[in-house]
Amino acid sequence: MDMSPLIGDDESQRQQQSHDKLDRACRAQRRTRLLQRIFCGIRGFSIFLMAAAVVTLIFWHWNEINSVAAQKISHVAATVQTNNDSPLRQGALNYEKEVEAAAGN
């Protein structure tokens, strides 16, 4: 049985428009969720690629990184050893002498 003669053409048209509007809103929400999932996947994959590139560069240049680090450490060690007359070291030596003198009395 057809309901349209009972509710009238205007009401039928209004219900159809309401249904169409709801259907468009649902499709828009689904499309938005799909785009969000796609962009989250792309972002995750991009982060993975960047991390893989950094790890690969570190792996390829490991000997060079170690060489530079060793040079810096040896430079610092040499600087510390040559600065025996530094104010900090001299202050520590003076303090040590004062402690020894106080303990000896």
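One-based numbering along the sequence shown. Keep in mind that what you see is a predicted model, and the values were worked out from it rather than measured.
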Run the numbers on Cys40 and Arg43 for side chain to side chain contact (heavy atoms under 4.5 Å, CB included), then give the verdict.
CA-CA 5 Å; Cys40 285; Arg43 184 182 326 126; 4.1 Å; yes
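Going from atom CD1 of Ile47 over to atom CD1 of Ile42 covers 12.5 Å, rounded to the nearest 0.5 Å. Distance CG/Leu57 to CH2/Trp62: 13.5 Å, rounded to 0.5 Å. Of the inter-residue distances, the one linking Glu100 atom CD with Lys97 atom NZ reads 9.0 Å to the nearest 0.5 angstrom. Once rounded to the nearest 0.5 Å, the distance linking CD of Gln16 with NZ of Lys21 reads 14.5 Å. Between atom OG of residue Ser74 and atom CD of residue Gln71 there is a gap of 6.5 Å, rounded to the nearest 0.5 Å. The CD atom of Glu96 sits 11.0 Å away from atom CD of Glu98, with the distance rounded to the nearest 0.5 Å.
Remark: the backbone N or O of Arg14 is not paired with any side-chain donor or acceptor of Ser18 at under 3.5 angstrom. Under a 3.5 Å cut-off, the side chain of Ser67 and the backbone N or O of Asn63 do not form any donor-acceptor pair.
Salt bridge Arg27/Asp23: present, at least one basic N to carboxylate O contact under 4.0 Å.
Both Leu34 and Phe39 are assigned to one and the same hydrophobic cluster, defined by single-linkage of ILVMFWY side chains at heavy-atom distances under 4.5 Å. Using a 4.5 Å cut-off between side-chain heavy atoms of Ile, Leu, Val, Met, Phe, Trp and Tyr, with links allowed through other members, Ile65 and Val54 fall into the same hydrophobic cluster.
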